[in-house]
Each structure stands twice: as C-alpha cells, then as structure tokens.
Amino acid sequence: MLFLVTMLWGSAFFFTSIALREYTPAQVVTARMLLGAIVLVPPIIATRQYRRLGRTDWLWLAAMGVVGYGLPFISIAWAQQYLSSSLAAIFMSLIPLFVLILSKLFLGDSISPRKWLGFLIGFVGLVLLVGPEGISGVGTDFLAQMALLLACLFLAANSIILRRMPAIPPLQTTATALFIGGLLVAPFGLQGLMAKSAQLIAEHGGSVTGLLPLISVIFMGIVLSGIGQTIRTQTIMRRGPVFFSISGYGIPVCATGLGVTFLGDEITLQKIIAFCVILSGLILAQSRSGQKNP
C-alpha cells in the first residue's frame, strides 16, 4: 500500500509541471479537487460508505479540506511555476519531521532524544536545500521554497486532523473534504479551467501531445486525488500519521526520476547532499529505538 501511495504522490509533481504549461495553479487545483470529489460519489453510493454528518463532523471536514487539501495543493502548484518538480518533491520529505512535532503537540506522542536529533539533522538538510542564496534573499525562488515549506506543514497537520476527527467512512471523508477545498479555490480557477480546456480540445483535438496538460489535470483529479487521497486517508486512520509518513522516503526518488527523464530537471550536488541529510534525519527519528506509534 505504501509503495502505491509513494508512486502516486511522486508522480503528482511530474503531472503538475505538465499541467502548468497551460493552466494556472488555481485552475490545476480546482480540477484536481473537484474531479477527485466527483469520481468518489459512485463508489460511495455503491458501497454505502456514508453516514449522516453532524455540525462537528462538518467542522472537521472543513478543516481538512482547507488545511489538508486547498492550502497545500495551491502552495505546491504555485511554487512549481518557479522550481523544478524534483526540488518540490525533496521538500516533501520534510513532512515526517513535522508530523513528529505535531504528534507530540496534539496527540501526546513522546519524542525521544533520538527523534529530536533526527529532527535537527533534517533541519540542517533543509538549510542545505534552500542554500545560502535563498537564505540571504527574498526573491521569487525563496518565496516558492517557503510556499513548499508551508505545504509540508499543512500536509503534516492534515495527518493529525485525520487522527483527531470523528470516525467517518474514508470515501466520504475524502470526497467531502476535497469538495470543500475545491469550493475554496473554484472562484479563482473554475471559469478559466473550463475555457482553457475547451480551447485545448479545439486546437489539439487530434494530438495527444497537445492535450497532455488536460490529460494531466484529469489524471490528477481522478487518480491522484480521488483514489490516492482515499488510500492516504484510510492508511492514516488505521495505522497513524507516523507510519504513513514513511512514504516520504520514496516520493523524492520517484519524482526526481520522472523529472530528470521527461522534464529535463537538473540534479545538483547540493540537492543530493541535502536530500541525503534529510533522509538521515528521518531514518534516525523513525528508528525503532524509543519509538511509540500512535
């Protein structure tokens, strides 16, 4: 299951880069969330995985839709206008470190000295990843990196929300939260999404290459958001956020492979060293010694 999630999440950065060739970040995220919500309706009805929602349920689902989907998705898409897909994916490897801290604050999990050391090593990796030019300036690249950092924090917070919220069937949870997040972004992207999609079909109706951006947003909505987020939701509900965050190890590897092979992403020594340092911190922080899963 974790391997499948890793492949899905790793490919998200690749397909986002392709979609951004024709669509704005708001249009990409609108399609991703609304399509993801719509495609889950038939299986929800067929399997009867739904229940009546109370006020508390709606509040939790709204928090998940905004914090867990809307804000991180738009942050990542915006950042990928200026940064490579591989660099964006490397930033995502920081999510498990944020999960450790938030699990301590909101779930009461213990953090051993080994975990603290792992977190500090991961922070060193982050500094290496941003680089001295990013630390000393506030240019577009730096702002894009900060957007990715915020996305990591939001996605980590979503893992905590999933553990604290009332028990709701996973399909219903994912579909409702995606729909709420989609409504948040739709005023900025839905009209342009429809117009651009119609334009691409009219101009490239017989060309798969010309329709790749449209194919990418459809794939991200149906497969990555609809199916992928449901798997993520179910895994976190059953096994906990720390267990799921192990998938963060493989996401940058998958995304980098796709980016280098098909998008011409450049892999620098600085990126490699930074990722290795972050990975070392993750391995240390999540080693069995002193670890208690939620």
Side-chain angles (χ1 to χ4, degrees), residues 2-3 5-21 25 28 71-102 114-157 245-287:
L2 281 178
F3 175 77
V5 172
T6 299
M7 295 301 294
L8 290 175
W9 271 56
S11 67
F13 302 94
F14 169 74
F15 287 108
T16 298
S17 292
I18 295 177
L20 288 172
R21 295 174 181 175
V28 171
L71 292 177
F73 284 6
I74 198 68
S75 297
I76 293 171
W78 180 82
Q80 281 196 241
Q81 295 177 112
Y82 309 102
L83 303 175
S84 68
S85 60
S86 58
L87 180 59
I90 292 175
F91 265 90
M92 295 303 105
S93 64
L94 292 165
I95 293 175
L97 299 178
F98 284 119
V99 169
L100 286 175
I101 299 300
L102 295 179
R114 180 187 296 271
K115 290 182 179 179
W116 279 118
L117 179 58
F119 181 84
L120 291 176
I121 292 174
F123 182 78
V124 171
L126 171 62
V127 174
L128 291 173
L129 187 60
V130 173
E133 65 280 358
I135 297 174
S136 61
V138 289
T140 302
D141 284 0
F142 176 77
L143 293 177
Q145 291 171 340
M146 292 304 99
L148 290 174
L149 196 59
L150 281 175
C152 292
L153 181 59
F154 291 139
L155 289 169
S245 65
I246 296 173
S247 65
Y249 295 164
I251 290 172
V253 177
C254 175
T256 299
L258 290 171
V260 171
T261 304
F262 299 105
L263 301 176
D265 286 357
E266 180 183 0
I267 299 300
T268 64
L269 181 60
Q270 177 183 335
K271 291 181 183 179
I272 296 174
I273 294 175
F275 175 63
C276 289
V277 172
I278 293 172
L279 184 61
S280 299
L282 291 175
I283 293 174
L284 181 63
Q286 295 190 345
S287 58

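Atom CZ of residue Phe154 and atom CZ of residue Phe98 lie 10.5 Å apart, to the nearest 0.5 angstrom. Distance check: Trp78 CH2 to Leu143 CG gives 5.0 Å after rounding to the nearest 0.5 Å. The distance from the CG atom of Leu150 to the CD1 atom of Ile74 is 13.5 Å, given to the nearest 0.5 Å. Separating the CG atom in Leu148 from the CG atom in Leu87 is a distance of 7.0 Å, to the nearest 0.5 Å. In this structure, the separation between CG on Leu263 and CD1 on Ile18 is 6.0 Å, given to the nearest 0.5 Å. Distance CD1/Ile95 to SG/Cys152: 5.0 Å, rounded to 0.5 Å.
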Determine, stepwise, if the pair Val124 / Leu120 fulfils side chain to side chain contact (heavy atoms under 4.5 Å, CB included).
-> CA-CA 6 Å; Val124 171; Leu120 291 176; 5.8 Å; no
For Phe91 and Leu94, run side chain to side chain contact (heavy atoms under 4.5 Å, CB included): C-alpha distance rounded to whole Å, both residues' side-chain angles, the deciding distance at 0.1 Å, then the answer.
-> CA-CA 6 Å; Phe91 265 90; Leu94 292 165; 4.2 Å; yes
Candidate pair Ser84 and Glu266, rule side chain to side chain contact (heavy atoms under 4.5 Å, CB included), full reasoning = CA-CA 8 Å; Ser84 68; Glu266 180 183 0; over 6 Å; no
Check step by step if side chain to side chain contact (heavy atoms under 4.5 Å, CB included) holds for Val99 and Leu155.
-> CA-CA 9 Å; Val99 169; Leu155 289 169; over 6 Å; no
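Looking at every heavy atom in both residues, Ala151 comes nearest to Ile76 through CB-CG1, 3.6 Å. In plain terms, the two heavy atoms of Ala255 and Ala89 that are nearest each other are CB-CB, 3.3 Å. The two residues Phe13 and Met92 have their closest heavy-atom pair at CZ-CG, 3.2 Å. Annotation for Ser85 and Ser17: closest pair CB-OG, 3.5 Å, computed over non-hydrogen atoms. Considering all non-hydrogen atoms of both residues, Ala144 and Leu83 come closest at CB-CD1, 3.6 Å. Nearest heavy-atom pair across Ala147 and Ser75 is O-CB, 3.5 Å.
Counting non-hydrogen atoms of other residues, nucleotides and ligands closer than 6.0 Å to OH of Tyr82 gives a total above 12.
Looking only at distances, no side-chain donor or acceptor of Gln81 sits under 3.5 Å from a matching main-chain atom of Leu20. No donor-acceptor distance shorter than 3.5 angstrom exists from the side chain of Thr261 to the backbone of Leu258, with no hydrogens or angles considered.
Residues passing the side chain to side chain donor-acceptor pair (under 3.5 Å) test with Thr16, sequence neighbours excluded: none.
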